[in-house]
Amino acid sequence: MTVETPDVLVVGAGPAGLAAADAARKVGARVALLDAAEDAGGQYWRHLPAQRPAAHERVLHHGWDRFTALRGQEMLTNAQVWLAERHDDRPPTLHVLVGPADGRDRVRRTFAPKALVLATGAYERTLPFPGWDLPGVFTAGAAQALAKSERIAVGRRVLVAGAGPFLLPVASSLVRTGAEVVGVLEANGWPRLGRGWSRRPAELLATRHKAGELAGYVRDLARHRIPYRAATAVVAAHGAERVSSVTVARLDPQWAPIPGTSRDVSVDAVCVSHGFVPRVELAVSAGCGLDAYGAVVTDHDGRTTVPGVYAAGEVTGIGGADLALAEGVVAGLAAAGATASDAQRRSRSENQRFAARLEAAHGIRPGWVGWLGDDTTVCRCEEVTAGDLRAGAAATGSRGLRSLKLSTRAGLGVCQGRVCGRTVEELLHRHTGGLLDPGRTEQRPLAAFVRLGELAAAEEQEHQ
Amino acid sequence: MKVIVVGAGIVGAAVARELAAAGVSVTVLDRSASAGGTSSAGEGNLLVSDKGPGAELALALRSLTLWRSILPEISDSFPSIEYEAKGGLVVATTPAGATALHAFAETQRAAGVSASSVNGLDYEPDLNPAHTAAVLYPQDAQVQPAIATEALLAAARRHGAVVRQEVEVLGPVRSGERLSGVLTSDGEIHADHVVVAAGPWSGEAARRLGVDLPVRPRRGTILVTTRMRRRIHHKVYDADYVGAVGSDDAALQTSSVVESTAAGTVLIGSSRERRGFDERIEARVLSAVAAKALVLFPFLTDVAVMRAYGGFRPFVPDHLPVIGPDPRRPGLWHATGHEGAGIVLSTATGELLTDLLLNRPPRVDAAAFAVDRPTLLPHLEPARG
Amino acid sequence: METHRDPVRPGETSPITIIVDGAPVRGLDGQTVAGVLMGAGRLAWRTTRNGRPRGVFCGIGVCHDCLVAVNGLPDVRACQRRAADGDSISTEEQA
């Protein structure tokens with residue numbers, strides 16, 4: 001089997017990965033850029049496919065010109081990295097399957113790069129609530145993805161809820177895709193939002209592009225008379241085969257529902273996101289250290305704790321596309337053996353301060369468990385309820401996440417705990433008085449489905 | 001009488017339950033969480049089929065009897081341990097393998113194992129029709145090993161045992177030559193006896209208590225498929241498995257072990273390799289395991305694998321568990337070295353250790369598992385200090 | 001949304017037809033399997049072991065709620081797989 005040995009291998013062709021590959025190429029490195037999707041752009045610059053090229057794609061996007069400048073690079077799409085093999089003396093070897101998503105006859109390729117840049121992004125975290133597994137409940141990212149790459153609105157009357165500024169562009173996209181948005185609910189109250197966003201306003205000037213983007217979304221809400229409510233959350237969804245209404249309630253500053261404040265709202269879809277989870281499978285397999293939020297730890301040049309492995313973008317912490325681009329440039333240069341300029345480094349650190357505001361203003365607060373019932377599904381795949389987790393911890397007395405996952409089956413289903421993992425860990429942490437092996441949820445040696453036939457074919461190749 | 005059991009895996013749990021049931025005051029210590037090591041990294045095999053005549057087979061047969069008898073006790077008020085007496089089907093993939101398999105089964109029958117030569121397709125309709133020479137072992141069974149461990153620990157607690165997690169053994173507490181307790185991360189704990197049941201970490205635990213024990217990790221890797229309609233009904237493995245289990249080779253060996261779980265997934269093993277406590281999952285191992293599984297069940301080719309995990313079996317040079325007192329250090333006992341058979345052997349191990357410790361007549365040949373048996377003696381050194 | 005009213009102005013594309021549990025469903029070239037199903041008004045297609053209906057939840061390939069079988073291959077994420085004209089989709093098929 002041939003092993004490819006680029007100078008720099010970049011995984012992920014969203015803003016960070018595109019910027020990293022571009023920067024590394026510009027200083028002469030031989031670069032391979034991979035993405036699991038059919039097209040570049042990541043979630044941020046998701047767009048209609050080549051079969052349906054849009055005349056006014058930029059209507060749904062910010063920084064589209066930057067994307068069009070970056071997207072022309074050579075890259076390998078439909079390339080799913082499924083395993084990163086750690087070595088003691090060099091960057092990891094990445095095993096890749098190239099072909100249609102989850103397909104059976106994908107072509108196997110193997111990369112042993114001199115340097116690796118992980119730009120694998122993040123996905124949304126949605127906290128469970130009664131009824132959240134009904135059809136018609138989506139993550140906000142699903143609404144974005146369907147609007148941007150399918151031109152499908154997830155519903156006719158849609159409520160957007162959760163926490164964070166990312167809810168705003170979702171509302172805008174929904175409106176531009178023909179949906180009526182009946183409201184945007186932010187779990188945090190105005191005092192916390194104000195403290196998080198108004199502190200040191202001069203800092204925001206440095207990130208004026210990001211700030212301007214947000215202001216545009218706020219204008220959209222006003223233009224379409226979409227109410228924005230703080231300290232409010234969706235605490236239940238109702239319906240038989242699909243959502244027909246949701247219960248919303250006021251929250252206290254710790255996100256606990258305030259009794260007597262709930263009311264029902266008739267909708268046919270609801271989009272809920274409470275934050276993001278960095279996509280760290282490959283980083284964990286590579287041995288990279290993570291911070292308290294589960295993001296990959298990097299230094300000012302994007303170096304992870306593993307020599308030869310760099311990371312950029314949302315996988316290093318949630319900060320938006322501008323930060324991802326800045327981090328990508330710096331990491332791409334460092335991976336190629338060059339050094340970023342002071343201006344490039346400054347752009348990175350200014351945008352990192354923006355990221356810190358996000359956490360201060362919007363981070364998840366523990367009171368949300370107040371809207372959980374014992375019969376609320378927590379693990380969607382294996383249909384494990386909050387009550388099952390409590391009962392499992394009580395029956396076993398174990399303080400082991402591994403053991404408790406195996407005895408309750410929470411996190412053992414097809415998504416491998418990607419959706420519920422953090423939540424399961426947090427709930428079990430409370431029930432056990434402290435887990436002794438926290439963080440295991442992020443250990444997924446297989447980063448994606450692989451068919452047994454695809455695995456076995458590699459064995460045959462090795463013996464030819 | 002007070003006894004400390006080091007290790008809250010399945011063997012420690014079974015030992016604790018048996019001792020506590022006999023009225024002994026038991027404290028189980030684990031440096032981390034219960035069921036967090038080898039006991040939650042395997043398939044939950046309760047096998048007699050892979051064992052030739054001898055002491056280990058006798059221990060396995062006794063264990064199966066004990067498993068059945070304690071099921072009502074440990075199934076109560078607990079998640080199901082998913083005990084399933086599904087039977088094992090061993091399939092020969094070559095003509096020579098078929099001859100060897102049938103000869104092996106003949107010796108097992110003489111030792112009390114139910115084993116009948118069958119056409120594999122009669123029992124597994126989706127088996128590769130090219131490989132039908134098979135032996136059916138109806139005594140083989142399966143449990144979910146992590147839940148079984150927790151259930152045994154819970155039973156031990158009901159008999160009065162105390163389970164302390166996050167308490168690490170650091171050294172011995174001595175009264176002259178005798179071990180009279182352990183120094184832990186949470187202070188000294190005194191006891192009349194200390195039982196090391198730390199699986200592949202038993203060598204390290206024994207070393208901290210002043211003796212060496214040649215227990216080393218032997219790596220294994222398992223693939224887990226997505227949930228599917230049940231198409232595999234027994235514990236199905238290829239006849240090479242028996243050779244790999246008994247091998248001393250440190251290099252990678254694979255043989256196919258395929259079975260369905262109560263959750264609807266299929267577990268696919270197995271690999272054996274001695275390379276220390278190296279947790280890395282490697283493509284070459286996964287590919288080799290997958291290729292062997294497809295020889296048995298070609299339909300699996302389109303099935304998605306969603307997870308791979310690895311674990312460490314406690315390997316002992318002569319392939320027999322170590323159960324009993326350590327003559328080099330009075331007060332120290334071992335219950336370890338079960339390699340890949342710890343789940344099944346845990347119950348009779350607990351019984352044997354309890355019989356020996358309470359001076360009751362053992363129900364199996366205790367000498368075969370003694371620390372100073374002739375085949376292990378060359379690997380032992382005198383106690384230190 | 002309807003192309004002529006769409007501010008993004010998507011380009012012309014050819015219609016495709018996929019077969020979903022035996023019945024033809026019309027979509028557009030370039031859509032994912034999930035896109036075709038949702039475009040045809042279907043919100044749910046998979047059923048969990050407890051009988052609960054499921055469709056798209058995360059839309060970006062993470063949650064695996066939208067799994068379908070494509071041309072006999074089970075466990076394909078409908079939100080990630082591009083639909084091809086004539087694809088046969090089964091919503092309940094397991095390996």
Novice: Salt-bridged, Arg409(A) to Asp388(A), with N to O below 4.0 Å?
Specialist: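 Result for this pair is no, no salt bridge flagged.
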Novice: Heavy-atom cut-off 4.5 Å, strictly under: side chain, backbone, both or neither for Ser273(A) against chain C?
Specialist: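 Neither part.
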Novice: Could you check whether Thr377(A) and Glu383(A), counting side-chain N and O atoms only, form a donor-acceptor pair closer than 3.5 Å?
Specialist: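 Absent: no donor and acceptor within the cut-off.
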Novice: What part of Ala145(A) gets closer than 4.5 Å to chain C, counting heavy atoms only: side chain, backbone, both or neither?
Specialist: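 Interface part for Ala145(A): side chain.
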Novice: In terms of heavy-atom proximity below 4.5 Å to chain C, should Phe138(A) be classed as side chain, backbone, both, or neither?
Specialist: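 For Phe138(A), the contact with chain C is made by backbone and side chain together.
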Novice: Between Glu124(A) and Thr139(A), do the side chains contain an N or O donor and an N or O acceptor separated by less than 3.5 Å?
Specialist: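 The criterion, which ignores hydrogens and geometry beyond distance, is satisfied for Thr139(A) and Glu124(A).
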Novice: Would Arg46(C) and Asp65(C) pass as an ion pair if we require N to O under 4.0 Å?
Specialist: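 A salt bridge links Arg46(C) with Asp65(C).
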Novice: Does anything in residues 12-22 of chain C reach chain A? List residues with heavy atoms under 4.5 Å apart, or say none.
Specialist: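 Against chain A, the residues of residues 12-22 of chain C that fall inside the cut-off (heavy atoms, under 4.5 Å) are Glu12(C), Thr13(C).
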Novice: For the candidates Ala34(C), Ala44(C), Pro53(C), which exhibits the highest count of non-hydrogen atom pairs separated by less than 4.5 Å from chain A?
Specialist: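 Going by pairs under 4.5 Å, I would pick Pro53(C).
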Novice: Step by step, work out the salt bridge (charged side-chain N to carboxylate O under 4.0 Å, His left out) result for Glu57(A) and Arg9(C).
Specialist: CA-CA 8 Å; Glu57(A) 185 69 63; Arg9(C) 305 265 177 237; over 6 Å; no
Novice: Glu241(A) versus chain C, heavy atoms under 4.5 Å apart: side chain, backbone, both or neither?
Specialist: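 Glu241(A) touches chain C through backbone and side-chain heavy atoms alike.
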Novice: Have Arg46(A) and Ser149(A) got a donor and an acceptor in their side chains that come within less than 3.5 Å?
Specialist: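 Side chains of Arg46(A) and Ser149(A): pair found under 3.5 Å.
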Novice: Between chain A and each of Arg82(C), Arg49(C), Gln80(C), Arg5(C), count heavy-atom pairs under 4.5 Å; write down the option with the most.
Specialist: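 Most pairs with chain A among the choices: Arg82(C).
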Novice: If you count heavy-atom pairs within less than 4.5 Å of chain C, which of Leu48(A), Thr177(A), Val154(A) leads?
Specialist: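 Result: the option with the highest number of such pairs is Thr177(A).
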Novice: Dump the intermediate steps for salt bridge (charged side-chain N to carboxylate O under 4.0 Å, His left out) on Arg104(A) and Glu454(A), then the final yes or no.
Specialist: CA-CA 7 Å; Arg104(A) 50 156 74 98; Glu454(A) 292 173 327; over 6 Å; no
Novice: Below 4.5 Å from any heavy atom of chain C, which atoms of Arg58(A) appear? Answer side chain, backbone, both or neither.
Specialist: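 Arg58(A) has no heavy atom closer than 4.5 Å to chain C.
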Novice: For each of His47(A), Arg52(A), Arg380(A), tally heavy-atom pairs with chain C at distances under 4.5 Å, and name the one with the top tally.
Specialist: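 The residue among His47(A), Arg52(A), Arg380(A) with the greatest pair count is Arg380(A).
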Novice: Any idea which of Arg176(A), Arg242(A), Glu38(A) has the most non-hydrogen atom pairs under 4.5 angstrom with chain C?
Specialist: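 Max contact count across the listed options: Glu38(A).
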Novice: Write down the atom of Ala40(A), the atom of Phe67(A), and the distance for their closest heavy-atom approach.
Specialist: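 Reported closest heavy-atom pair: O-CZ, 3.5 Å.
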Novice: Suppose the criterion is salt bridge (Lys or Arg N to Asp or Glu O under 4.0 Å): which pairs have a residue in residues 132-159 of chain A, not counting sequence neighbours?
Specialist: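 Passing the test, one end in residues 132-159 of chain A: Asp133(A)-Arg52(C), Asp133(A)-Arg54(C), Arg151(A)-Asp6(C), Arg157(A)-Glu180(A).
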Novice: I would like to know whether Tyr217(A) and His62(A) meet ring pair (Phe, Tyr, Trp, His ring centres under 6.0 Å); could you show each step before the answer?
Specialist: CA-CA 11 Å; Tyr217(A) 297 135; His62(A) 284 264; 5.4 Å; yes
Novice: Please find out if less than 6.0 Å separates the ring center of Trp82(A) from that of Phe449(A).
Specialist: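 Centroid distance Trp82(A)-Phe449(A): not below 6.0 Å, so no.
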